[in-house]
Enquirer: 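Before anything else, here's the structure in question.
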Amino acid sequence: AFVKHGGSLVDDTKPIDEHSMPYFLIVIYDEITIQNWRTIDTTLSKKKFYQSLKAFNERQSANKVAFIQSLWLSECLKQKKYVQISSYELKADSDNNKQEDLKECTKRKNSDENVDNLKKPKISEQELMNDKKRIVKYQEEYKSDSDSSYCDDESTMGLSNKDFFELQLYSKSTNESWTCAHSSKEQTENLNEHITDKLEKMLTIYENKNEKYRALGYQKAILILKRHPKQIQSKEEALALPGIGKRIADKIWEILQTGDLRKLDEMSSREDTNSLKLFTDIHGVGPTTAHLFLTQGYRTLEDLKTKANLTRQQKIGLKYYDEFKQRIPRDEVSKIENKVKCAALSLKHGLIVQACGSYRRGQATCGDVDILITHPDRKSHKGIFTRLLNLLHEQNFLTDDLVVQEENCDNQCKYLGVCRLDEANSLHRRIDIIVVPYDEYACALLYFTGSTHFNRSMRHLARKLGLSLCEKSINKNVRRKGVEKVNTGERLV
DNA sequence: TGTCAGTGTTT
DNA sequence: AAACAC
DNA sequence: GACA
Ligand SMILES: O=c1ccn([C@H]2C[C@H](O)[C@@H](COP(=O)(O)OP(=O)(O)OP(=O)(O)O)O2)c(=O)[nH]1
Ligand SMILES: [Mg+2]
């Protein structure tokens, strides 16, 4: 949770728990947020303590700095809420207390050990900065998108089923508590919208042009900018961010100077760019097909309807073109989730039915509805899939099928289709339903909650660690020949 | 210069 | 095998 | 397009 909120954990090889009690956290915080933290060894001398605290204070003039016993973190975890730091704090301004506290705490660790043999604390300013660079790199690459305020079942207020990493160490100054269920109104706002708006247009243009990895570059830069807590003022400031290189920094500079991006204006004024966008917004039409349509002389959706030969999915995509472009408000997603949940439970008690995707990430509106179904008895999910789809079809809830993947018997099943609530003025919505065995619940939930960037990032990390993560499992020793698997390896989770 | 996620369906 | 989707 |  700390890392997710931009904190950095220096000694990430040592887990923080009761067994590593004799560590302290240095916490940098403002009124609302824990900004930063690090662990330190408690063989810290009084002199070093003052030195480092002073250094911190100078660098972080706007924020407050505190030394806290790691016990505080343990308490937070135990109580599953944000505990006031004050009683765990070592006060710098009260000399006596501090010295005693420090002694008190070091004693726990060193009572039966030889203090002198322990490795010396290292906390020089230089080292802090080095560490910082290393950690920041890690954070930027692997922390989830800023929209990842997890929001499970808002009616159950208890946090008991929340995993630690889902908890947000983010408290309001008035009411200090975990705020896991944020509406998107509270999400940190994008202070660089004027820049990201333009870059996002560049992104879709390159996506539609099939320049996958150039698009990836833009995507990463945009996500970095969106969660950057300050407005970018200069080229250097942009260049300093990981994920932003010279070429995008130049573009940012141009936007800052002139308010425009010549390259973008030039590209988007070309007529084909717009038609390309028009076509790729159809479900089932990608960059290649869109380009093909262009070369065939089609320019409008009407052209496609009458002249082009379309696949089954593309016809459905075209039929609901306008409806699918509308975002779905949260409460409607919740209604749809309920509808499916009721249908599912009527078939079998105890099924877990939850909406994932952008809904579970707390977004105000969603592009589609993603529903995950499993059963804790490890058996009853079998056979549910087809029966559920039949039932929902009978209820005229599902109107069209795009993909029905019945990976026979006990494997994961996937449905991509179209649904509509039985209400006046309700629109047709895209719905994805997956049914998974309970063994694969964890990985499936991780996958289906996303975001896409989060998944790719985490899978990249897994690969670097010699593992392979997918929506079913996490595996070890997967050998590949190109993309082809030679060996599925051993399943770990 | 190589890497950027991993899996499944449709055509 | 390429294109598209999640 | 960015980065190791
Ligand atoms: O290329 C992809 C697309 C999706 N997903 C996962 C993450 C995502 O969160 C989930 C659901 O996909 P969807 O396309 O619905 O994305 P979303 O995050 O729910 O956003 P939207 O609001 O557009 O539905 O599937 C991937 O892993 N890779
Ligand atoms: Mg979705």
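So you know, we letter chains A, B, ... as the sequences are listed, proteins then strands, and number each from 1. All heavy atoms count here, side chains included; hydrogens, waters and symmetry mates do not.
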Enquirer: Taking NE2 from A/H283 and P from B/dT11, how many angstroms apart are they, rounded to a whole number?
Expert: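 Between P of B/dT11 and NE2 of A/H283: 11 Å.
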Enquirer: With a 4.0 Å cut-off on N to O distance, would you call A/R299 and A/D303 a salt bridge?
Expert: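 Salt bridge absent between A/R299 and A/D303.
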Enquirer: Tell me which donor-acceptor pairs under 3.5 Å the side chains of residues 278-293 of chain A have, and how far apart each pair is, sequence neighbours excluded?
Expert:
| residue | atom | partner | partner atom | Å |
| --- | --- | --- | --- | --- |
| A/T280 | OG1 | A/N208 | OD1 | 3.1 |
| A/T280 | OG1 | A/L276 | O | 3.0 |
| A/T280 | OG1 | A/K277 | O | 3.3 |
| A/D281 | OD2 | A/K277 | NZ | 2.9 |
| A/T288 | OG1 | A/N210 | ND2 | 3.4 |

Enquirer: Rounded to whole Å, please give me the gap between NZ in A/K464 and P in B/dG6.
Expert: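 So the two atoms are 13 Å apart, to the nearest Å.
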Enquirer: Over how many whole Å does the gap from A/L467 atom CG to B/dA5 atom P extend?
Expert: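 Going from A/L467 (CG) to B/dA5 (P), I get 16 Å.
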Enquirer: Nearest whole Å is fine: how far is B/dT9 P from A/D401 CG?
Expert: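 It is 15 Å, rounded to the nearest whole Å.
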Enquirer: Side chain of A/S468, heavy atoms from C-beta onward: which of D/dC3, B/dG6, C/dC6 has the nearest atom to it?
Expert: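 Closest nucleotide to the A/S468 side chain: B/dG6.
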Enquirer: Side-chain N or O of A/K414 versus OP1/OP2 of C/dA5: is the shortest distance under 4.0 Å?
Expert: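 No, outside the criterion.
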Enquirer: Between B/dT9 atom P and A/L402 atom CG, what is the distance in whole Å?
Expert: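 These atoms are roughly 14 Å apart.
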Enquirer: Tell me which nucleotide among C/dC4, D/dA2, C/dC6 gets nearest to the side chain of A/L416.
Expert: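 So the nucleotide nearest the side chain must be C/dC6.
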Enquirer: Would A/D368 and A/R429 pass as an ion pair if we require N to O under 4.0 Å?
Expert: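 Salt bridge flag = no for A/R429 with A/D368.
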Enquirer: How would you label the contact of A/I282 with the nucleic acid (heavy atoms, under 4.0 Å): base, sugar-phosphate, or nothing?
Expert: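 Answer is sugar-phosphate: A/I282 comes under 4.0 Å of backbone atoms only.
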Enquirer: Can you tell me, in whole Å, how much space there is between the C1' of B/dA5 and that of C/dC4?
Expert: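 About 16 Å, rounded to a whole number of Å.
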Enquirer: State which of C/dC6, B/dT9, B/dA5 makes the closest approach to the side chain of A/R430.
Expert: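 Comparing C/dC6, B/dT9, B/dA5 against the side chain of A/R430, the answer is C/dC6.
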Enquirer: Does C/dC4 have OP1 or OP2 under 4.0 Å away from a side-chain N or O of A/T289?
Expert: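 The answer is yes; a side-chain N or O of A/T289 sits under 4.0 Å from OP1 or OP2.
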Enquirer: Does any part of the side chain of A/K198, heavy atoms only, come nearer than 4.5 Å to the side chain of A/K251, both counted from C-beta?
Expert: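 Answer no - side chains too far apart.
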Enquirer: Can you tell whether the side chains of A/D377 and A/K379 come within less than 4.0 Å, N to carboxylate O?
Expert: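 Here A/D377 does not pair with A/K379 in a salt bridge, since their nearest N and O are not under 4.0 Å apart.
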Enquirer: Whether A/T452 contacts C/dC6 is assessed here as follows: a side-chain N or O lying under 4.0 Å from the phosphate OP1 or OP2. Is that the case?
Expert: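 No.
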Enquirer: Tell me: NE2 of A/H460 to P of D/dC3, nearest whole Å?
Expert: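 Taking atom P of D/dC3 as the reference, NE2 of A/H460 is at 13 Å.
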Enquirer: By nearest atom, which of the nucleotides C/dA5, B/dC4, B/dG8 is closest to the A/R463 side chain?
Expert: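 Taking heavy atoms from C-beta onward, the closest nucleotide is B/dC4.
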Enquirer: Over all strands shown, is A/D370 touching base, sugar-phosphate only, or nothing at heavy-atom distances under 4.0 angstrom?
Expert: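 Sugar-phosphate only.
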Enquirer: What's the NE2-P distance between A/H291 and C/dA2, to the nearest Å?
Expert: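 A/H291 atom NE2 is separated from C/dA2 atom P by 18 Å.
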Enquirer: Can you list, in residue-number order, the parts of residues 294-328 of chain A that come under 4.0 Å of DNA chain B, counting heavy atoms only?
Expert: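 Here the set is A/T311, A/R312, A/Q313.
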Enquirer: Just the rounded figure in Å: distance from C1' of D/dA2 to CD1 of A/I252.
Expert: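 Atom-to-atom, A/I252 to D/dA2, this comes out as 13 Å.
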Enquirer: Considering heavy-atom distances to DNA chain B, does A/Y447 or A/V403 have its closest nucleotide positioned more toward the 5' end?
Expert: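 Comparing both residues, the 5'-ward one is A/Y447.
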Enquirer: Between C/dC4, D/dA2, B/dG6, which nucleotide has the shortest distance from any of its atoms to the side chain of A/P287?
Expert: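 Closest of the options to the side chain of A/P287: C/dC4.
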Enquirer: Have a look at A/V285 and say if it touches a base, only the backbone sugar-phosphate, or nothing, with a 4.0 Å heavy-atom cut-off.
Expert: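 Sugar-phosphate contact only.
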Enquirer: Among C/dC6, C/dC4, B/dT7, which nucleotide has an atom closest to any side-chain atom of A/C470?
Expert: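 Closest nucleotide among those given: B/dT7.
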Enquirer: Applying a 4.0 Å non-hydrogen cut-off, can you work out what A/D432 is touching in the nucleic acid: base, sugar-phosphate, or nothing?
Expert: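 Result for A/D432 = sugar-phosphate.
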Enquirer: Check this for me: does any side-chain nitrogen of one of A/E332 and A/R327 sit under 4.0 Å from a carboxylate oxygen of the other?
Expert: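 A/R327 and A/E332: not salt-bridged.
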Enquirer: Flag the pair A/K226 and A/E200 as a salt bridge only when some basic side-chain nitrogen lies within less than 4.0 angstrom of an acidic carboxylate oxygen.
Expert: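 Salt bridge flag = yes for A/E200 with A/K226.
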Enquirer: Do any of residues 208-217 of chain A sit with a heavy atom less than 4.0 Å from DNA chain D, and if so which?
Expert: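 When residues 208-217 of chain A is checked for heavy atoms under 4.0 Å from DNA chain D, the hits, listed by number, are A/Y213, A/R214, A/G217.
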Enquirer: Among C/dA3, B/dT7, C/dC6, which is the nearest nucleotide to the side chain of A/T288?
Expert: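 Ranking C/dA3, B/dT7, C/dC6 by closest atom to the A/T288 side chain puts C/dA3 first.
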Enquirer: What verdict does the salt bridge (Lys or Arg N to Asp or Glu O under 4.0 Å) test give for A/R430 and A/D432, after you've listed the backbone C-alpha separation in whole Å, the side-chain angles of each residue and the deciding distance to 0.1 Å?
Expert: CA-CA 7 Å; A/R430 281 278 298 104; A/D432 304 342; 2.8 Å; yes
Enquirer: Side-chain N or O of A/R456 versus OP1/OP2 of B/dA5: is the shortest distance under 4.0 Å?
Expert: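 True: A/R456 side-chain N/O within range (under 4.0 Å) of B/dA5 OP1/OP2.
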Enquirer: Do NZ/NE/NH1/NH2 and the carboxylate oxygens of A/E423 and A/K335 come within less than 4.0 Å?
Expert: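 Yes, A/E423 and A/K335 are salt-bridged.
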Enquirer: With salt bridge (Lys or Arg N to Asp or Glu O under 4.0 Å) as the criterion, how do A/D197 and A/K201 come out once you've worked through the C-alpha distance, each side chain's angles and the decisive distance to 0.1 Å?
Expert: CA-CA 7 Å; A/D197 274 358; A/K201 286 182 185 157; over 6 Å; no
Enquirer: Any idea how A/Y320 and A/F324 line up, ring-wise: parallel (<30°), tilted (30 to 60°), or perpendicular (>60°)?
Expert: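 Because their plane-to-plane angle lies in the 30° to 60° range, the rings of A/Y320 and A/F324 count as tilted.
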